[in-house]
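Structure first, commentary second.
One-based numbering, in listed order, for ligands and for the atoms of each.
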Amino acid sequence: MVDVAVIGAGIVGLAVARELLIRRPSLRLVVLEKEQEIAAHQSSHNSGVIHSGLYYKPGSLKARACVAGAARLIRYCDEKGIPYRLCGKVVVATSPEEIPRLEELYRRGQANGVPGLRMVGPEELRELEPHVTGVRAIWSPRTGIVDFSQVARAYADDVLERGGQICTGYRVVVIHQRSCSTVVETTAGDVEARAIVSCAGLYADRIARLTGAPPVPQIVPFRGDYYVLRPERASLIRGNVYPVPDPRFPFLGVHFTPRMDGQVWLGPNAVLAFAREGYQRTAVNLTELAEAVRYVGFRKLARKYWRTGLAELWRDFSKRAFLRSLQRYVPELVDDDLLPGPSGVRAQALSPDGELVDDFVLDRQPGILHVRNAPSPAATSSLEIARMIADEVEPML
Ligand SMILES: Cc1cc2nc3c(=O)[nH]c(=O)nc-3n(C[C@H](O)[C@H](O)[C@H](O)COP(=O)(O)OP(=O)(O)OC[C@H]3O[C@@H](n4cnc5c(N)ncnc54)[C@H](O)[C@@H]3O)c2cc1C
């Protein structure tokens with residue numbers, strides 16, 4: 001019997017395990033991960049941006065966890081010698097119609113306490129990003145980049161150093177509750193624990209169903225494909241360049257992101273993935289696809305946004321359409337500048353009324369805490385999410 005079993009060795013599960021072991025050094029804790037390695041899914045398939053907290057509704061969990069989480073992450077990287085770069089970000093309005101939404105974003109950023117934000121005009125934008133055009137922009141100097149896989153590995157090292165166990169190749173298949181404990185059956189043996197924390201990302205809803213928690217919100221996977229900017233053209237971009245997001249969706253729109261290895265990634269778009277861990281356009285898991293399409297929330301979302309969905313699908317197949325959306329920001333980009341790049345799949349919770357759930361969601365049962373929605377910026381916010389979760393788990397011990 002252990003004190004805590006954490007399901008999922010992504011960046012969130014590892015951060016939670018680390019935080020609990022820091023608070024309770026004698027805790028017997030295991031992390032159960034179905035893959036042979038840690039951080040194999042969202043935590044290693046993302047843009048690598050340390051978000052500053054600009055976008056999120058003031059007072060939301062995302063707003064609180066992102067601003068505090070980014071500051072803690074930067075301090076952590078300093079302590080551990082993990083490289084990161086505060087290269088800043090511009091959010092660019094390319095037409096006067098976008099200015100009211102840009103201003104609203106600026107107000108949100110200020111309400112959230114994002115440090116150093118400034119509105120800039122076209123001339124200053126040119127000084128910051130000489131190849132980017134726009135009528136107005138928000139400059140966020142404290143936005144950064146990091147390799148989140150490296151951060152997750154450092155959290156894992158902290159867990160192991162503090163006596164925690166990380167069991168890879170342990171897929172959780174059944175969970176039964178007893179009066180004072182929970183038995184987690186995995187493909188590699190059973191584990192009995194006093195408290196369970198599920199941080200299962202793309203399978204968060206499945207694990208919730210195993211413990212009898214409500215089946216909704218269901219996870220709907222949205223794949224994001226990237227192009228990589230031809231290396232000789234990487235100097236077109238200095239920092240992160242983002243569009244003004246569409247407030248109806250939690251996705252931030254295709255952006256330009258410098259990477260720690262010197263590449264520049266362009267994307268990600270957002271299309272329905274036909275498999276939860278399907279990183280290729282051709283990857284299909286019929287059971288998972290049927291589950292998504294049968295879900296009432298998905299049908300409502302599809303009815304409301306079928307035009308946007310089709311346009312996004314078209315842009316996924318047409319490099320020209322993808323290029324056109326990037327040329328709004330960097331007009332001198334040409335077709336040959338875009339090389340095929342990687343993909344990631346977002347675990348996005350969808351409510352039964354067809355709304356993409358915007359905020360982080362935690363769900364509680366006696367002795368069990370489920371992270372039901374931890375999309376972007378959960379990597380940035382991981383240390384702060386871990387603090388919030390540990391506050392709730394400690395009384396269960
Ligand atoms: C395309 C993309 C771009 C993004 N960009 C950014 C960004 O720039 N900045 C940012 O802050 N965030 C970004 N994010 C979001 C961020 O990557 C995620 O919010 C974060 O990685 C979530 O971490 P997690 O640990 O919850 O999930 P995951 O990393 O997906 O980990 C979940 C783990 O649970 C395991 N698991 C699932 N089921 C079981 C089971 N039955 N038994 C055992 N283990 C199981 C999985 O194998 C996996 O390892 C992005 C995400 C995507 C997809």
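Remark: ligand 1 atoms within the under-4.0 Å shell around heavy atoms of His45 are 1 (C), 2 (C), 52 (C), 53 (C). Atom numbering of ligand 1 starts at 1 in the shown order; those under 4.0 Å from a heavy atom of Val345 are 53 (C). Residue Tyr170 approaches ligand 1 through these ligand atoms, each under 4.0 Å from one of its heavy atoms: 42 (N), 43 (C). Residue Cys199 has at least one heavy-atom neighbour below 4.0 Å for each of these atoms of ligand 1: 32 (C), 33 (C), 34 (O).
Of the options Ser376, Ala15, Ala204, Ala40, the smallest heavy-atom separation from atom 13 (C) of ligand 1 is shown by Ser376. The nearest non-hydrogen atom to atom 42 (N) of ligand 1, considering only Ile207, Val49, Val172, comes from Val172. By heavy-atom distance, the residue among Ser47, Ser44, Ala70, Ala200 lying nearest atom 5 (N) of ligand 1 is Ser47. In this structure, of Gln42, His51, Glu35, Glu33, the residue bringing a heavy atom nearest to atom 35 (C) of ligand 1 is Glu33. Distances from atom 3 (C) of ligand 1 to the heavy atoms of Phe360, Phe251, Tyr226 show the closest one on Tyr226. The heavy atom nearest to atom 38 (N) of ligand 1, out of those in Lys34, Arg171, His41, is found in Lys34.
Using a 4.5 Å heavy-atom threshold, the side chains of His131 and Ile237 count as separate. Contact annotation: the side chain of Tyr203 approaches that of Glu277 to within less than 4.5 Å [non-hydrogen atoms, C-beta and beyond]. Between His255 and Pro268 there is a side-chain heavy-atom pair separated by less than 4.5 Å. Inter-residue side-chain proximity for Lys319 and Leu338 is flagged as met; some heavy-atom pair is nearer than 4.5 Å. Two residues are said to be in side-chain contact when any heavy atoms from C-beta on lie closer than 4.5 Å; Thr186 and Val173 fail this criterion.
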Check: residues 84-93 side-chain donor-acceptor pairs under 3.5 Å, at least two apart:
| unit_1 | atom_1 | unit_2 | atom_2 | d |
| --- | --- | --- | --- | --- |
| Tyr84 | OH | Asp78 | OD1 | 2.8 |
| Tyr84 | OH | Asp78 | OD2 | 3.3 |
| Lys89 | NZ | Tyr55 | OH | 2.7 |

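Only the backbone of Leu32 comes within 4.0 Å of ligand 1, judged by heavy-atom distances. Using a 4.0 Å cut-off between heavy atoms, Pro375 contacts ligand 1 through its backbone alone, with no side-chain atom that close. Of all the heavy atoms of Ala347, none lies under 4.0 Å from any atom of ligand 1, so neither backbone nor side chain is involved.
Annotation: cation-pi geometry satisfied between Arg315 and Phe322 (NZ/CZ under 6.0 angstrom from ring centroid, within 45° of ring axis). Note that Arg346 lies in the cation-pi zone of Phe251, set by a 6.0 Å cut-off to the ring centre and a 45° limit from the axis.
Distances shorter than 4.0 angstrom do not occur between any heavy atom of Ala39 and any atom of ligand 1. In this structure, Gly224 has no heavy atom closer than 4.0 Å to ligand 1.
Annotation: atom 22 (C) of ligand 1 to nearest protein heavy atom, Ala374 O, 3.6 Å. At the top of the distance list for atom 31 (O) of ligand 1, counting protein heavy atoms only, stands Gly10 CA, 3.4 Å. The protein heavy-atom contact nearest to atom 23 (O) of ligand 1 is Ser43 OG, 3.4 Å. Atom 4 (C) of ligand 1 has as its closest protein heavy atom Asn46 CB, 3.2 Å.
Remark: ligand 1 and Arg346 share no N or O pair separated by less than 3.5 Å (distance only, no angle test).
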